[in-house]
Amino acid sequence: MNPILQIENLNKHFTLHEQGVQIPSCCGVNLTATTGELTALVGPTGAGKSSVLKCVYRTYLPSSGSMLFTQADGTAIDLSNASESEMLHLRERDIGFVTQFLHCLPRKAAVDIVAAPLVRQGESIVNARDKARELLNTLNVPERLWNVPPATFSGGEKQRVNLARGLIAKPRLLLLDEPTASLDPHTTDRVVDLLNSIKQQGVAMLAIFHHPALVDRLADQVVELAMARHTLELHA
Ligand SMILES: Nc1ncnc2c1ncn2[C@@H]1O[C@H](COP(=O)(O)OP(=O)(O)OP(=O)(O)O)[C@@H](O)[C@H]1O
Ligand SMILES: [Mg+2]
């Protein structure tokens, strides 16, 4: 099967002008993500795993390399030089990102936070909320919390709301950054089941897992990132 995402020689560094240094954040990364498969990114802390996901979602602008993404109509777009409006469009329908932490509006109820991606795609609020409740239930979020804003939720509860929001709209490519880091074993099992069923529905995933056991359970491909080399001194 053809990859939906093909990354070649991706590099990202940050220039800290005040200190006169360049900090590498990921270096020489090659990988593919394929429909219905999960590619796991592994490597030591600081190797640039999160940075790769942020480059794909274009939270970070890559320094060099290419990230060819196959769109729904079959045409390819290089995410490393796609325009902001092209990226906004892709984030709405094609590329989802479950980040490590939940960032959301403080007064919005959990059910509406989860429903929001579907509403943005044109689904009615009633249907979107029904699907959101179903997913919150699958992920073991207690019903008493569904209409409460997640600001005061525990770390694991917030993480489940975050996951539900990322999974509800079934993007074609799903980026996951340690989605189960603060979940108990029972809820982790539910997430594994959910990710497997999403995989079977043809979603491609690029994921980072805290526990190596999850890589064994879920990954079809494993890509190891080497530790980035030294900080570069900039010359005046
Ligand atoms: N916005 C940024 N500004 C400066 N340096 C950054 C930035 N983002 C990442 N880095 C640097 O890039 C390197 C890789 O960071 P990244 O978060 O991608 O690592 P990681 O492999 O996800 O680590 P962990 O396993 O701890 O989550 C680190 O040295 C980090 O300090
Ligand atoms: Mg990280």
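Note: hydrogens, waters and symmetry copies are ignored here, and every other heavy atom, side chains too, is used. One-based numbering, in listed order, for ligands and for the atoms of each.
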Check: Do other residues, nucleotides or ligands put more than 12 heavy atoms under 6.0 Å from I125 CD1?
Finding: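 No, because the 6.0 Å sphere around CD1 of I125 holds 12 heavy atoms or fewer from other groups.
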
Please report which non-hydrogen protein atom sits nearest to [atom], along with the residue it belongs to and the distance in Å to one decimal place.
{"atom": "atom 1 (N) of ligand 1", "value": "Y60 OH, 3.1 Å"}
{"atom": "atom 16 (P) of ligand 1", "value": "S51 OG, 3.7 Å"}
{"atom": "atom 31 (O) of ligand 1", "value": "I23 CG2, 4.9 Å"}
{"atom": "atom 7 (C) of ligand 1", "value": "F14 CE1, 3.3 Å"}
{"atom": "atom 17 (O) of ligand 1", "value": "S50 CB, 3.8 Å"}
{"atom": "atom 25 (O) of ligand 1", "value": "K49 NZ, 2.7 Å"}

Next item on the list: May I ask you to check if R91 and F97 form a cation-pi contact, with NZ or CZ under 6.0 angstrom from the six-membered ring centre and within 45° of the axis?
Entry: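 Ring-cation test returns no.
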
Checklist line | Atoms of the protein (N/O/S only) found under 2.8 Å from the Mg ion (ligand 2) | finding: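 Correct list: S50 OG.
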
Next item on the list: Supply the atom-to-atom distance L118 CG to R165 CZ, rounded to the nearest 0.5 angstrom.
Entry: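 One finds 12.5 Å between CG of L118 and CZ of R165.
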
Notebook entry, point to check: Does E37 have any salt bridge (charged side-chain N to carboxylate O under 4.0 Å, His left out) partners at least two apart in sequence or in another chain, and if so, which?
Noted result: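 With sequence neighbours excluded, E37 shows a salt bridge (charged side-chain N to carboxylate O under 4.0 Å, His left out) to no residue whatsoever.
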
Of [options], which is the lone residue that meets side-chain contact (heavy atoms from CB on, under 4.5 Å) with [X]?
{"X": "L206", "options": "L38, I4, L5", "value": "L5"}
{"X": "I7", "options": "V52, T39, T32", "value": "V52"}
{"X": "T180", "options": "V192, D189, L214", "value": "L214"}

Check: Of the choices G46, S25, A181, which has the non-hydrogen atom that lies closest to atom 29 (O) of ligand 1?
Finding: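 Comparing heavy atoms across G46, S25, A181, the nearest one to atom 29 (O) of ligand 1 lies in G46.
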
Item checked: For atom 26 (O) of ligand 1, the option (of T45, L225, I208) bearing the nearest heavy atom ->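 Heavy atom nearest to atom 26 (O) of ligand 1 belongs to T45.
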
Margin query: For G43, state whether at least one heavy atom is located under 4.0 Å from any atom of ligand 1.
Written below: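 No heavy atom of G43 comes that close to ligand 1.
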
Next item on the list: List in chain and number order the residues that pass side chain to side chain contact (heavy atoms under 4.5 Å, CB included) with N81, two or more places apart in sequence or in another chain; answer none if no residue qualifies.
Entry: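 So N81 forms a side chain to side chain contact (heavy atoms under 4.5 Å, CB included) with D78.
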
With a 3.5 Å cut-off and sequence neighbours excluded, list the donor-acceptor pairs that the side chains of residues 59-67 form with protein atoms.
residue, atom, partner, partner atom, Å
S63, OG, H13, N, 2.9
S64, OG, N11, ND2, 3.1

Item checked: Distance-minimising heavy-atom pair for L139 and R160 ->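 Result for this residue pair: O-CD, 2.8 Å.
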
Note to self: If we ignore hydrogens and angles and just use 3.5 Å, is the side chain of R58 paired with the main-chain N or O of L79 as donor and acceptor?
What the structure shows: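 Yes; judged by distance alone, with no hydrogens or angles, the pair exists.
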
Next item on the list: Scan the protein's non-hydrogen atoms and note whether one is under 4.0 Å from atom 23 (O) of ligand 1.
Entry: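 Given the 4.0 Å cut-off, atom 23 (O) of ligand 1 counts as touching protein heavy atoms.
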
